[in-house]
**Q** 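Here it is: the structure, laid out below.
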Amino acid sequence: MKEDGTAPLYEVSDLAAFDFDPFLREALQAEPVIRIRLPHGAPGECWLATRHDAVRFVTSDPRFSRDIVGRPLPSMNKYLIPLDRAVSFVDPPDHTRVRSVVSSAFNRSGMAALRPQAQAVLDQLVDSMVAAGPPADLVQHVTSPFPMHVIGAVLGVPEADRPRLRTWADAVLTRAKEETQVERARQAKEEARAFFLELARERRFQPQGDLISELAAAVDSGKIEEEELLALATLMALNGWHAVRNHTSNMVYVLLTDDSLKSRLRCDPQAVPAAVEELLRWIPHKHGVGQARIATEDVEVGGVLIRRGEAVYVSYVAANWDKRFYPEPHRIDIDRKGPPHLAFGYGPHHCVAPLLARMEAELLLTTLITRLPDLRLATAPENVPWQTDVLIRGPVALPVTW
């Protein structure tokens, strides 16, 4: 609280590279849950949980509801990002029902079946970059098209239509500082909805063994409704590209600027999965906080009483740097012991496809260190351009040579 008793206003700064949000750093040293104000939405105060145990409690306790559509709430953004019927805004048992339709596509056996196809795509992209010769932009040649091809193949988006996913994601997954950006985001959501509506209806008559075909069949059988299909497909398509592109680009940047990590992985490629997990914990990838939860009754969190009807936000980024659970959290240590990170969320609303994101990151890092062991930045690290107006941070470009 400020000296006048009001809660501090949390406005996300334009953070470069891997600068840790100073507001979150300070909040993490305060109470497990603090009162804050946010710049958009309904005026008033809300709660923010930053400590690892408090974040896990809020995100897993059924007394905190994600059924927030239509509620006047303080907000980080000028608009609600997912579609209204998105699984993000549904509580169990409906949440469980909708997620169960896609769970088999993203389980371990599904990833094992997809892995050879993903590796073949990645090899082709690296081949093309090498053929073009250095210097090259790794984002343009590899880390952007790779997840686009993978999520496109999983969903069943025709290859010619996949660039549209990138256009929609760039519009929707932004912090939307200007009203023109808000309108562009709304239009992109509607365009994506119309696209998946048409594609799903086509697959109802001509199924092709992809996820859209499975979702369309689930609508026909009454497991889910058509609006739930559209929200789910749009969420997976846009996040499946945007988040993985930036996560993997971030990881490569760390690899190319941390000689000890690069040397370790070159000598021991089997350590790549551990490196991926530690980088997911360490990289402060997300701007701000996500969507709110509403207390459905009075609940005490870390000694703080949250009243029924009050909004609570959580910061997974802050929780991943909680020194009570991760000693020296600022240090990258791929041999670190401790609880799993929260980069994919926690509780019922955790990421729908963490195994897919992990697989793509592991394939990418392993392929680069084995095929291009001399890969390095073609510019000084401080000259790498970074996105500043998106929800998940990442470099605009990664100029590399080898």
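This chain uses plain numbering: 1 for the first residue, then up along the sequence.
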**Q** Give every donor-acceptor pair under 3.5 Å between a side-chain atom in residues 152-162 and any protein atom, sequence neighbours left out.
**A**
unit_1: R162; atom_1: NE; unit_2: V157; atom_2: O; d: 2.9
unit_1: R162; atom_1: NH1; unit_2: H149; atom_2: ND1; d: 3.4
unit_1: R162; atom_1: NH2; unit_2: V157; atom_2: O; d: 3.2

**Q** So does N383 have more than 12 non-hydrogen atoms from other groups sitting under 6.0 Å from CG?
**A**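 More than 12 within 6.0 Å, yes.
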**Q** Tell me whether the count of non-hydrogen atoms from other residues, nucleotides or ligands lying under 6.0 Å of CZ in R307 goes above 12.
**A**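 For R307, atom CZ is not crowded (no more than 12 foreign heavy atoms under 6.0 Å).
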**Q** Looking at E198 and R193, is there a salt bridge between them, counting it only when a charged N and a carboxylate O are closer than 4.0 Å?
**A**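 Looking at R193 and E198, the cut-off is not met.
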**Q** Short question: side chain of K262, backbone of L375 - any donor-acceptor pair under 3.5 Å?
**A**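 Yes: the side chain of K262 pairs with the backbone of L375.
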**Q** Assess the residue pair T296 and F64 against the criterion (side chain to side chain contact (heavy atoms under 4.5 Å, CB included)); give the C-alpha distance rounded to whole Å, side-chain angles, the decisive distance to 0.1 Å, and a yes or no.
**A** CA-CA 6 Å; T296 58; F64 292 102; over 6 Å; no
**Q** Over all heavy atoms of both residues, which pair between F106 and A353 is shortest? Give the atoms and the distance, please.
**A**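 Minimum heavy-atom separation between F106 and A353: CD2-CB, 3.5 Å.
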**Q** Before giving the answer on side chain to side chain contact (heavy atoms under 4.5 Å, CB included), spell out for W47 and V33 the whole-Å C-alpha distance, their side-chain angles and the decisive distance to 0.1 Å.
**A** CA-CA 6 Å; W47 296 97; V33 185; 3.5 Å; yes
**Q** Please confirm whether R293 makes a cation-pi placement over Y313, using NZ or CZ under 6.0 Å from the six-membered ring centre and within 45° of the ring normal.
**A**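 The answer is no; the distance or angle limit is not met.
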**Q** Checking side chain to side chain donor-acceptor pair (under 3.5 Å) for the pair R99/H350: CA distance, chi angles, key distance, verdict?
**A** CA-CA 11 Å; R99 280 184 66 121; H350 67 276; 3.1 Å; yes
**Q** What verdict does the side chain to side chain donor-acceptor pair (under 3.5 Å) test give for D21 and Y10, after you've listed the backbone C-alpha separation in whole Å, the side-chain angles of each residue and the deciding distance to 0.1 Å?
**A** CA-CA 11 Å; D21 189 319; Y10 179 26; 2.6 Å; yes
**Q** Taking atom CD as the centre, does E26 end up with more than 12 heavy-atom neighbours from other residues, nucleotides or ligands that are less than 6.0 angstrom away?
**A**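 Check fails, neighbour count at 12 or below.
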**Q** Which pairs with one or both residues in residues 205-214 pass side-chain hydrogen bond (donor to acceptor under 3.5 Å, both in side chains), sequence neighbours excluded?
**A**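 Output for this query lists R203-D210, D210-S213.
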**Q** Looking at K223, I'd like to know if its NZ atom is crowded, meaning that more than 12 non-hydrogen atoms belonging to other residues, nucleotides or ligands lie closer than 6.0 Å.
**A**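 No, the 6.0 Å shell around NZ holds no more than 12 heavy atoms from other groups.
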**Q** Using a strict cut-off of less than 4.0 Å between a Lys/Arg side-chain nitrogen and an Asp/Glu carboxylate oxygen, indicate whether R56 and D61 qualify as a salt bridge.
**A**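 Result for this pair is no, no salt bridge flagged.
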